[in-house]
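Single-structure report; data block below.
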Number of protein chains: 2
Amino acid sequence: MESDVSANSRLTIAAHALTWIGLYQRRGHEVATSEQIATSVNTNPVVIRRLLGELRKAGLADSRRGVGAGWMLGRDLAAITLLDVYQAIEPGPVFALHRATPNPECVVGHGIGPAMSAVYDDVEAALRRELAKTTLEDVLRDVLQAA
Amino acid sequence: MESDVSANSRLTIAAHALTWIGLYQRRGHEVATSEQIATSVNTNPVVIRRLLGELRKAGLADSRRGVGAGWMLGRDLAAITLLDVYQAIEPGPVFALHRATPNPECVVGHGIGPAMSAVYDDVEAALRRELAKTTLEDVLRDVLQAA
DNA sequence: CCTTGATGTAATCATTGTTGTTACATTTAC
DNA sequence: GTAAATGTAACAACAATGATTACATCAAGG
């Protein structure tokens, strides 16, 4: 209940994977394997493949099969914002309304849903605005500067 | 994987409970019972008591025991923002870094943490700014207008 | 001082999401 | 064909949320 180890690391992993591919390609390689990426992320290659599969659906990544198989960027790092990545992998809202519909005969129970929905929409919009400010090119720049 | 029934309804329930108490008190009652609130929210009274217990720690609610027991507001609805409620019940971050520390020998693995942390801090700040804009008085007004 | 009605809180369970893992069919350059 | 990787299904481990039961505790009022 304290340290809160929950929360999603999906966005972190996805950004990590794409940034890694971008740097690897920039160094002259055609494709990166899920094995290589998983080694940098420190997780299982299947986790990477699953995530990159979702990113591919959004056009952010692409893959080749057969011999010489691997992953490449769907478009340049500078053309991918964290919002793009977020939307590709996190369709769900941050906040939810009631699990069971509240009592509609109560004034509060009846009106609280729409009231909170309006707020949540604004919150999600602010969150997206903020994520849209950073591209993976920015992330790579920060990463290289830290080294 | 589609409808995403997850996400937290804790903020929704907490706002609902406090708003209900506020309206009930405004109508001349001293205290509200977790039973009454649970009926409006459509959940179990214990869920309400647990949540109000956390809100009490933050000074947003208060309770009386014994005969005539129940809950009351810690301060006026107009003096409680959704950020206050959020902070009272949601200490954890929206996004998390890697579960296992990434490979420190890899440039990306080494630098990605701080880079993403900076972004996440900005996102949380934006989220808080947005939640701070709405008071429970605003919520109650919207609720009553919807009726 | 005892009854009553509510809080305070522990314990348990069901459900769900995330992550890690194994296994294996599929693909394609050589 | 062979080799090396993707594409996926299946399953286990773990944590968070929420629902529920149970019961000790408290305090006003008779």
Side-chain angles (χ1 to χ4, degrees), chain A residues 1-14 16-17 21 29-39 41-57 61-72 89-100 102, chain B residues 1-14 16-17 21 29-39 41-57 61-72 89-100 102:
Chain A
M1 188 185 286
E2 299 308 316
S3 53
D4 211 293
V5 192
S6 73
N8 279 23
S9 59
R10 290 164 59 83
L11 181 55
T12 302
I13 308 295
H16 186 152
I21 298 173
H29 303 87
E30 285 229 6
V31 298
T33 69
S34 60
E35 178 83 34
Q36 295 172 312
I37 301 167
T39 297
V41 173
N42 190 16
T43 186
N44 193 291
V46 175
V47 173
I48 300 300
R49 290 205 288 270
R50 270 197 302 230
L51 214 40
L52 285 176
E54 296 181 58
L55 295 172
R56 180 179 45 207
K57 288 181 197 159
D62 208 351
S63 66
R64 279 205 313 232
R65 307 191 62 173
V67 169
W71 297 85
M72 59 203 95
I89 63 177
E90 306 264 7
V94 176
F95 297 114
L97 294 183
H98 306 69
R99 167 173 297 199
Chain B
M1 188 183 287
E2 298 309 317
S3 52
D4 212 295
V5 192
S6 74
N8 278 22
S9 59
R10 288 165 61 82
L11 181 55
T12 302
I13 308 295
H16 186 152
I21 297 172
H29 303 87
E30 284 229 6
V31 298
T33 68
S34 61
E35 178 82 34
Q36 295 172 311
I37 301 167
T39 298
V41 173
N42 189 15
T43 185
N44 194 290
V46 175
V47 173
I48 300 299
R49 290 205 287 273
R50 271 196 302 230
L51 212 40
L52 285 176
E54 296 182 57
L55 295 171
R56 181 178 45 207
K57 289 180 197 160
D62 208 351
S63 66
R64 277 204 316 232
R65 305 193 61 173
V67 169
W71 297 85
M72 60 203 95
I89 62 177
E90 306 264 8
V94 175
F95 297 114
L97 294 183
H98 307 69
R99 165 171 298 199

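To find a chain, count down the sequence lines: A is the first, B the second, and so on, and within it residues start at 1.
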Trp71(A) side-chain proximity, nearest of dG18(D), dG20(C), dG7(D): dG7(D)

Listed partners of Arg56(B) passing side-chain contact (heavy atoms from CB on, under 4.5 Å), at least two apart: Asp62(B), Ser63(B), Trp71(B)

Closer than 4.0 Å, any side-chain N/O of Ser63(B) to the OP1 or OP2 of dG8(C)? yes

Restricting to side-chain hydrogen bond (donor to acceptor under 3.5 Å, both in side chains), what partner residues turn up for Thr43(A), sequence neighbours left out? none

Arg10(A), nearest nucleotide to its side chain (from dT18(C), dA19(D), dA10(D)): dT18(C)

Between dT9(C) (C1') and Arg56(B) (CZ): distance, integer Å: 11 Å

Take the protein atom CD of Glu30(A) and the nucleotide atom C1' of dT6(D), then report the distance between them rounded to whole Å. 17 Å

Between P of dA4(D) and CD of Gln36(A), the distance in whole Å: 14 Å

Take the protein atom CZ of Arg50(B) and the nucleotide atom C1' of dA16(D), then report the distance between them rounded to whole Å. 12 Å

Can you tell me the distance, in whole Å, between the CG atom of Asn44(B) and the P atom of dG18(D)? 13 Å

Report, one pair per line, the protein and nucleotides 27-30 of chain C atoms (nitrogen or oxygen only) whose separation is under 3.5 Å.
from	atom 1	to	atom 2	distance (Å)
dT27(C)	O2	Gly66(A)	N	3.2
dT28(C)	O2	Val67(A)	N	3.0

For Asn8(A) and dA16(D), give me the distance from atom CG to atom P, rounded to whole Å. 13 Å

Please determine, for the side chain of Arg49(B), which listed nucleotide (dT9(C), dT6(D), dA19(D)) has the closest atom? dT9(C)

Across all chains, not counting sequence neighbours, the side-chain contact (heavy atoms from CB on, under 4.5 Å) partners of Arg64(B) are Glu30(B), Val31(B), Met72(B)

Taking only the side-chain nitrogens and oxygens of Thr43(A), find out if one of them lies under 4.0 Å from OP1 or OP2 of dG20(C). yes

Look at all strands and tell whether Arg64(B) reaches a base, only sugar-phosphate, or nothing, counting heavy atoms closer than 4.0 Å. sugar-phosphate

Within the structure provided, determine whether Asn42(B) and His98(A) are in side-chain contact (heavy-atom separation under 4.5 Å). no

Listed by chain and number, what are the side-chain contact (heavy atoms from CB on, under 4.5 Å) partners of Ala32(A), not counting sequence neighbours? Trp20(A), Ile21(A), Tyr24(A), Gln36(A), Ile37(A)

Any side-chain N or O of Ser34(A) under 4.0 Å from OP1/OP2 of dT6(D)? yes

Can you give me the closest heavy-atom contact between Val41(B) and Ile13(B), atom names plus distance? CG1-CD1, 3.7 Å

I'd like a table of atom pairs between the protein and nucleotides 13-15 of chain C - only N or O on both sides, under 3.5 Å - with the distance next to each one.
none

First encountered from the 5' end of DNA chain D, between Ala32(A) and Val47(B): Ala32(A)

Name all residues meeting the side-chain hydrogen bond (donor to acceptor under 3.5 Å, both in side chains) criterion together with Thr39(B); count only those two or more places apart in sequence or in a different chain, and write none if there are none. none

Test Arg99(B) against Ser9(A) for side-chain hydrogen bond (donor to acceptor under 3.5 Å, both in side chains), laying out the working first. CA-CA 7 Å; Arg99(B) 165 171 298 199; Ser9(A) 59; 5.9 Å; no

Whole angstroms only, please: what is the CD-C1' distance between Glu35(B) and dA19(D)? 14 Å

Is a side-chain donor or acceptor of Asn44(B) paired with a backbone partner of Val46(B) at a separation under 3.5 angstrom? yes

With sequence neighbours left out, what residues match Arg50(B) under side-chain hydrogen bond (donor to acceptor under 3.5 Å, both in side chains)? none

Between dT19(C) (P) and Leu51(A) (CG): distance, integer Å: 8 Å

